[in-house]
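Below is one structure; the comments refer to it alone.
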Amino acid sequence: SQQQTTDFNYTPSHQKPFIQPTTGTTVTTHQDIKQIVEVTLGSKGVLNQAVKLPKGENVNEWLAVHVVDFYNQINMLYGTITEFCSPVTCPRMIATNEYEYLWSFQRGQAPISVSAPKYVECLMKWCQEQFDDEAVFPSRKDGVFPARFCDKVVIPILRRLFRVYAHIYCHHFNEILELNLQTVLNTSFRHFILFAQEFNLLRDADYGPLLELVSELKDRE
Ligand SMILES: [Zn+2]
(Lines give C-alpha, C1' and ligand atoms only; values in the text may rest on other atoms or scores of the structure.)
Protein backbone atom coordinates (compact mmCIF):
# COMPACT_ATOMS: atom_id res chain seq x y z
CA SER A 1 0.00 0.00 0.00
CA GLN A 2 2.18 2.81 -1.29
CA GLN A 3 0.87 6.21 -0.33
CA GLN A 4 1.65 9.36 -2.23
CA THR A 5 2.26 12.32 0.01
CA THR A 6 4.63 15.25 0.12
CA ASP A 7 7.94 14.87 -1.64
CA PHE A 8 10.97 16.27 0.02
CA ASN A 9 14.67 16.03 -0.44
CA TYR A 10 16.35 14.69 2.58
CA THR A 11 19.51 12.70 3.04
CA PRO A 12 19.80 11.22 6.50
CA SER A 13 23.53 11.77 6.84
CA HIS A 14 24.10 9.18 9.56
CA GLN A 15 22.82 6.49 7.23
CA LYS A 16 25.17 7.31 4.38
CA PRO A 17 27.98 5.00 5.43
CA PHE A 18 25.59 2.06 5.49
CA ILE A 19 23.93 2.77 2.18
CA GLN A 20 26.46 4.16 -0.24
CA PRO A 21 28.99 1.34 -0.40
CA THR A 22 26.43 -1.30 -1.37
CA THR A 23 23.70 0.39 -3.40
CA GLY A 24 24.65 4.01 -4.02
CA THR A 25 21.08 5.00 -3.24
CA THR A 26 20.01 8.57 -3.87
CA VAL A 27 17.26 9.84 -1.64
CA THR A 28 14.71 11.83 -3.58
CA THR A 29 11.35 11.08 -1.99
CA HIS A 30 10.04 10.00 1.37
CA GLN A 31 9.37 6.57 -0.12
CA ASP A 32 13.12 6.20 -0.53
CA ILE A 33 13.66 7.30 3.04
CA LYS A 34 11.20 4.72 4.27
CA GLN A 35 12.94 1.95 2.37
CA ILE A 36 16.29 3.08 3.64
CA VAL A 37 15.01 3.30 7.18
CA GLU A 38 13.58 -0.20 6.93
CA VAL A 39 16.89 -1.49 5.65
CA THR A 40 18.79 0.16 8.48
CA LEU A 41 16.27 -0.99 11.08
CA GLY A 42 17.02 -4.53 9.95
CA SER A 43 20.66 -4.26 10.93
CA LYS A 44 21.19 -4.72 14.62
CA GLY A 45 22.77 -1.92 16.54
CA VAL A 46 23.36 0.33 13.54
CA LEU A 47 22.14 3.43 15.35
CA ASN A 48 23.88 2.45 18.56
CA GLN A 49 27.16 2.34 16.67
CA ALA A 50 26.39 5.36 14.53
CA VAL A 51 26.31 7.74 17.51
CA LYS A 52 29.72 6.80 18.86
CA LEU A 53 32.54 9.28 18.40
CA PRO A 54 34.83 7.96 15.66
CA LYS A 55 38.48 7.60 16.62
CA GLY A 56 40.36 10.85 16.19
CA GLU A 57 37.21 12.91 15.60
CA ASN A 58 36.89 16.20 17.49
CA VAL A 59 34.00 15.86 19.93
CA ASN A 60 32.67 19.39 19.35
CA GLU A 61 32.69 18.80 15.62
CA TRP A 62 30.78 15.54 16.14
CA LEU A 63 28.22 17.25 18.39
CA ALA A 64 27.81 20.17 15.95
CA VAL A 65 27.22 17.94 12.93
CA HIS A 66 24.57 15.98 14.83
CA VAL A 67 22.80 19.06 16.17
CA VAL A 68 22.41 20.32 12.60
CA ASP A 69 21.35 16.86 11.42
CA PHE A 70 18.64 16.55 14.09
CA TYR A 71 17.48 20.07 13.35
CA ASN A 72 17.04 19.06 9.68
CA GLN A 73 15.28 15.81 10.55
CA ILE A 74 12.86 17.55 12.92
CA ASN A 75 12.24 20.32 10.41
CA MET A 76 11.42 17.69 7.79
CA LEU A 77 9.15 15.71 10.12
CA TYR A 78 7.29 18.76 11.38
CA GLY A 79 7.05 19.93 7.76
CA THR A 80 4.98 16.86 6.88
CA ILE A 81 2.29 17.77 9.43
CA THR A 82 2.25 21.58 9.24
CA GLU A 83 -1.19 21.56 7.63
CA PHE A 84 -2.52 19.77 10.73
CA CYS A 85 -0.76 21.99 13.25
CA SER A 86 -2.20 25.49 13.17
CA PRO A 87 -2.83 28.19 15.79
CA VAL A 88 -6.43 26.92 15.79
CA THR A 89 -5.69 23.22 16.35
CA CYS A 90 -2.78 23.90 18.68
CA PRO A 91 -3.13 27.35 20.31
CA ARG A 92 -0.55 26.35 22.95
CA MET A 93 2.75 24.49 22.56
CA ILE A 94 1.88 21.51 24.67
CA ALA A 95 2.74 17.82 24.98
CA THR A 96 -0.19 16.09 26.67
CA ASN A 97 -2.09 18.40 28.98
CA GLU A 98 0.62 18.24 31.58
CA TYR A 99 3.44 19.98 29.72
CA GLU A 100 3.42 23.39 28.14
CA TYR A 101 6.54 24.95 26.62
CA LEU A 102 6.78 28.73 26.70
CA TRP A 103 8.90 30.95 24.48
CA SER A 104 11.09 33.74 25.75
CA PHE A 105 11.22 36.59 23.24
CA GLN A 106 13.62 38.74 25.14
CA ARG A 107 16.36 38.06 27.63
CA GLY A 108 15.20 38.99 31.11
CA GLN A 109 11.54 38.91 30.17
CA ALA A 110 9.15 36.21 31.30
CA PRO A 111 8.53 33.50 28.70
CA ILE A 112 5.02 33.50 27.29
CA SER A 113 2.49 31.01 25.96
CA VAL A 114 2.44 30.82 22.14
CA SER A 115 0.81 28.51 19.61
CA ALA A 116 2.66 25.36 18.54
CA PRO A 117 3.45 26.61 15.01
CA LYS A 118 4.67 29.93 16.43
CA TYR A 119 6.88 28.10 18.93
CA VAL A 120 8.38 25.89 16.21
CA GLU A 121 8.92 28.90 13.95
CA CYS A 122 10.73 30.81 16.73
CA LEU A 123 12.73 27.73 17.69
CA MET A 124 13.91 27.01 14.15
CA LYS A 125 14.85 30.66 13.62
CA TRP A 126 16.75 30.70 16.92
CA CYS A 127 18.66 27.55 15.89
CA GLN A 128 19.39 28.92 12.42
CA GLU A 129 20.82 32.12 13.88
CA GLN A 130 23.26 30.09 15.96
CA PHE A 131 24.24 27.87 13.01
CA ASP A 132 24.92 30.98 10.95
CA ASP A 133 27.08 32.52 13.67
CA GLU A 134 30.70 31.67 12.88
CA ALA A 135 31.60 32.22 16.56
CA VAL A 136 29.13 29.54 17.66
CA PHE A 137 29.18 27.02 14.79
CA PRO A 138 32.50 27.56 12.98
CA SER A 139 32.27 26.33 9.41
CA ARG A 140 35.89 26.91 8.51
CA LYS A 141 38.44 24.18 9.10
CA ASP A 142 40.47 26.44 11.38
CA GLY A 143 37.38 27.73 13.18
CA VAL A 144 37.30 27.45 16.96
CA PHE A 145 34.28 26.32 18.98
CA PRO A 146 33.25 28.58 21.87
CA ALA A 147 34.14 27.60 25.44
CA ARG A 148 31.74 25.06 26.99
CA PHE A 149 30.15 24.52 23.57
CA CYS A 150 28.35 21.41 24.80
CA ASP A 151 26.74 22.98 27.91
CA LYS A 152 26.10 26.41 26.46
CA VAL A 153 25.02 25.55 22.91
CA VAL A 154 24.39 21.85 22.26
CA ILE A 155 22.30 21.03 25.32
CA PRO A 156 20.01 24.11 25.14
CA ILE A 157 19.31 23.40 21.46
CA LEU A 158 18.64 19.67 21.89
CA ARG A 159 16.44 20.31 24.94
CA ARG A 160 14.21 22.52 22.78
CA LEU A 161 14.31 20.41 19.61
CA PHE A 162 13.08 17.49 21.71
CA ARG A 163 9.86 19.42 22.39
CA VAL A 164 8.91 19.23 18.72
CA TYR A 165 9.14 15.43 18.88
CA ALA A 166 7.02 15.59 22.06
CA HIS A 167 4.36 17.73 20.39
CA ILE A 168 4.25 15.50 17.29
CA TYR A 169 4.02 12.29 19.33
CA CYS A 170 1.40 13.61 21.75
CA HIS A 171 -0.82 15.55 19.34
CA HIS A 172 -0.15 14.49 15.75
CA PHE A 173 0.68 10.81 15.88
CA ASN A 174 -2.54 9.88 14.08
CA GLU A 175 -1.57 12.13 11.20
CA ILE A 176 1.90 10.61 11.15
CA LEU A 177 0.23 7.18 10.91
CA GLU A 178 -1.98 8.37 8.07
CA LEU A 179 1.11 9.57 6.21
CA ASN A 180 2.77 6.27 7.06
CA LEU A 181 5.76 8.09 8.51
CA GLN A 182 5.80 6.41 11.92
CA THR A 183 8.95 4.43 11.09
CA VAL A 184 10.74 7.57 9.98
CA LEU A 185 9.62 9.40 13.14
CA ASN A 186 10.57 6.53 15.46
CA THR A 187 13.95 6.04 13.84
CA SER A 188 14.76 9.74 13.95
CA PHE A 189 13.65 10.00 17.57
CA ARG A 190 15.55 6.86 18.55
CA HIS A 191 18.70 8.19 16.91
CA PHE A 192 18.17 11.44 18.83
CA ILE A 193 17.85 9.76 22.24
CA LEU A 194 20.73 7.34 21.64
CA PHE A 195 22.92 10.28 20.71
CA ALA A 196 21.79 12.24 23.79
CA GLN A 197 22.47 9.18 25.93
CA GLU A 198 25.94 8.56 24.44
CA PHE A 199 27.10 12.06 25.41
CA ASN A 200 24.96 12.54 28.54
CA LEU A 201 23.14 15.49 27.04
CA LEU A 202 19.61 15.20 28.40
CA ARG A 203 18.23 14.26 31.81
CA ASP A 204 15.11 12.22 32.50
CA ALA A 205 13.26 15.44 33.35
CA ASP A 206 13.96 16.78 29.85
CA TYR A 207 11.97 13.89 28.37
CA GLY A 208 8.81 14.94 30.22
CA PRO A 209 5.81 13.17 28.69
CA LEU A 210 7.91 10.82 26.53
CA LEU A 211 10.04 9.31 29.27
CA GLU A 212 8.36 5.91 28.94
CA LEU A 213 8.76 5.83 25.17
CA VAL A 214 12.39 6.87 25.59
CA SER A 215 13.12 3.91 27.88
CA GLU A 216 11.41 1.56 25.46
CA LEU A 217 13.28 2.80 22.39
CA LYS A 218 16.62 2.73 24.20
CA ASP A 219 16.23 -0.92 25.09
CA ARG A 220 15.11 -2.06 21.66
CA GLU A 221 17.66 -3.86 19.51
ZN1 LIG B 1 0.19 20.89 16.70
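Each ligand, and each atom within it, is numbered from 1 in the order the structure gives. Side-chain atoms are counted along with the backbone in the values below, which use heavy atoms only and exclude waters and symmetry mates.
Partners of Glu57 according to the side-chain contact (heavy atoms from CB on, under 4.5 Å) rule, which considers only residues two or more places apart in sequence or in another chain, are Leu53, Pro54, Glu61, Trp62. Here Asn75 pairs with Tyr71, Met124 under the side-chain contact (heavy atoms from CB on, under 4.5 Å) rule; sequence neighbours left out.
In the hydrophobic clustering of this structure, Ile94 does not group with Ile168; members are Ile, Leu, Val, Met, Phe, Trp, Tyr whose side-chain heavy atoms approach within less than 4.5 Å, directly or through other members.
Below 30°, between 30° and 60°, or above 60°: for Phe137 and Phe149 the angle between ring planes is above 60°, a perpendicular geometry.
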Extract all donor-acceptor atom pairs below 3.5 Å that involve side chains of residues 108-115 and protein atoms in other chains or at least two apart in sequence.
residue	atom	partner	partner atom	Å
Gln109	NE2	Gln106	OE1	3.2
Ser113	OG	Glu100	OE2	2.6
Ser115	OG	Lys118	N	3.3

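Distances from the Zn ion (ligand 1) under 2.8 Å pick out these protein N/O/S atoms: Cys85 SG, Cys90 SG, His167 NE2, His172 NE2.
Two rings, from Phe195 and His66, have their centers less than 6.0 Å apart.
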